[in-house]
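So the structure is just underneath, and the comments pick up after that.
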Amino acid sequence: MYKDKKVVFSGVQPSGTLTIGNYLGAISNFKKFSDDYRCYYCVVDMHAITVRQNPAELRRRTYETLALYMACGLDPAKNVLFVQSHVSGHAELGWILDCYTMFGELGRMTQFKDKSAKNADNINAGLFTYPTLMAADILLYQTDLVPVGADQKQHLELARDIAMRFNGIYGDTFVVPEGYIPQNAAKIMSLAEPTKKMSKSDENENAVVRILDPRDVILRKFKRAVTDSGSEVRRGEGKDGVENLMSIYSAFTGKTMDEIEREFDGRGYGDFKAAVGEACADKLTPIQDEFNRLMADKAYLEKVMAEGAREAAHDTLRTMSKVRRKVGFTEMPRY
Ligand code: TRP
């Protein structure tokens with residue numbers, strides 16, 4: 001292996017304003033790998049166009065997602081921060097892997113089923129092959145570890161299957177990646193319907209807390225969060241709402257579920273919800289300040305994008321040329 005460090009890759013779509021689910025489930029975990037791994041954190045704009053986007057908005061959100069990466073503590077000197085469409089290897093490998101992925105496998109993806117139900121008028125081929133492009137993202141960098149939210153587990157399994165299949169046919173080509181799915185905060189649920197995942201595209205704004213929501217909005221949303229007819233802050237049957245708030249509180253404070261049950265013993269939901277809101281807002285305020293500072297400096301963001309793309313593109317060359325040779329393409333002429 002030519003790598004001197006193990007590799008981490010993850011991606012975030014610039015398709016909506018990110019929620020605390022995205023933050024706790026994925027982005028907040030990215031930083032801890034920066035010292036020991038070669039880290040690629042990608043803004044996956046090519047994935048975003050699997051559902052119809054407003055072009056100006058997509059462009060703005062691409063900048064925002066990059067700024068948010070940095071505001072959450074990812075230093076561009078220690079991580080390769082880049083935009084997917086700037087590195088052509090993603091599309092190239094994506095196509096090749098399409099030819100090693102079965103129709104039936106893609107049809108079983110629950111995210112495809114959900115999204116095609118939601119976008120019945122635009123069930124395009126890209127929506128179907130979305131997981132193959134994601135596999136390409138990962139395999140292109142010989143990735144060892146992929147930090148993602150629990151909802152991406154099935155896609156990750158597929159990426160592993162594709163890697164093993166390709167290796168089985170052609171001999172060792174790709175590292176078979178492992179997922180890194182945080183235990184406690186992996187799945188943040190909707191504040192309005194706590195059996196449903198918190199989704200950045202939810203139409204009910206009260207169901208979602210966004211990373212960029214102002215403090216008063218955060219406090220209000222938690223205050224309105226659905227709980228149950230009881231009054232005890234503890235886990236249990238029919239207490240999905242409370243349990244969700246507990247895991248959010250746990251993720252923002254580092255306290256365990258047992259500690260939280262003790263802390264709020266006999267204190268009721270009002271107190272508890274206020275505490276969850278405060279903990280969340282305290283964590284997000286400095287991130288928001290840094291985000292605003294970065295968004296005001298577009299030239300700097302463009303410099304980071306360019307440098308990231310240059311590094312990432314360079315790092316794909318070896319794998320791409322290996323893959324081309326293995327599948328039987330003739331050598332790329334210089335032109
Ligand atoms: N599908 C991921 C999501 O929606 C985003 C993503 C695209 C990704 N490519 C990736 C995540 C590669 C990890 C690795 O959250």
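Start at 1 and go down the list; that is how both ligands and their atoms are numbered.
The nearest protein atom to atom 9 (N) of ligand 1, hydrogens excluded, is given as Asp137 OD2, 2.7 Å; this is a heavy-atom distance. Scanning the protein heavy atoms around atom 12 (C) of ligand 1, the nearest turns out to be Phe9 CE2, 3.5 Å.
A donor-acceptor contact closer than 3.5 angstrom links the side chains of Thr132 and Asp98. For the residue pair Arg38/Tyr40, the side-chain donor-acceptor check at 3.5 Å is satisfied.
Not less than 6.0 angstrom separates the ring centroid of Tyr41 from the ring centroid of Phe82. Taking the centre of each ring, Tyr249 and Phe264 come in below the 6.0 Å mark. For Phe128 and Phe103, the gap between ring centers is short of 6.0 Å. Between His155 and Phe112, the gap from one ring centroid to the other reaches at least 6.0 Å.
For ligand 1 and Gln13, the ligand atoms under 4.0 Å from any heavy atom of the residue are 4 (O). Heavy-atom contacts of Val146 reach the following atoms of ligand 1: 13 (C), 14 (C) (cutoff under 4.0 Å). Those atoms of ligand 1 that come under 4.0 Å of a heavy atom in Val148, given as number and element, are 11 (C), 13 (C). Close approach to His47 involves these atoms of ligand 1, each under 4.0 Å from a residue heavy atom: 7 (C), 9 (N). The ligand atoms of ligand 1 that sit less than 4.0 angstrom from a heavy atom of Val44 are 7 (C), 9 (N).
The shortest N/O to N/O separation between Asp151 and ligand 1 does not fall below 3.5 Å. For a threshold of 3.5 Å applied to N or O pairs, the pair formed by His155 and ligand 1 contains no separation below that value. For Tyr130, a nitrogen or oxygen atom sits less than 3.5 Å from a nitrogen or oxygen atom of ligand 1, counting backbone and side chain alike.
In terms of heavy atoms, Asn122 sits closest to Thr50 at ND2-O, 4.3 Å. The two atoms that bring Gln154 and Arg108 nearest to each other are NE2-O, 3.2 Å, heavy atoms only.
If you look at Ile138 next to ligand 1, the close heavy atoms, those under 4.0 Å, all belong to the side chain.
Taking each of Gly11, Ser10, Pro131 in turn, the one with a heavy atom nearest to atom 6 (C) of ligand 1 proves to be Gly11.
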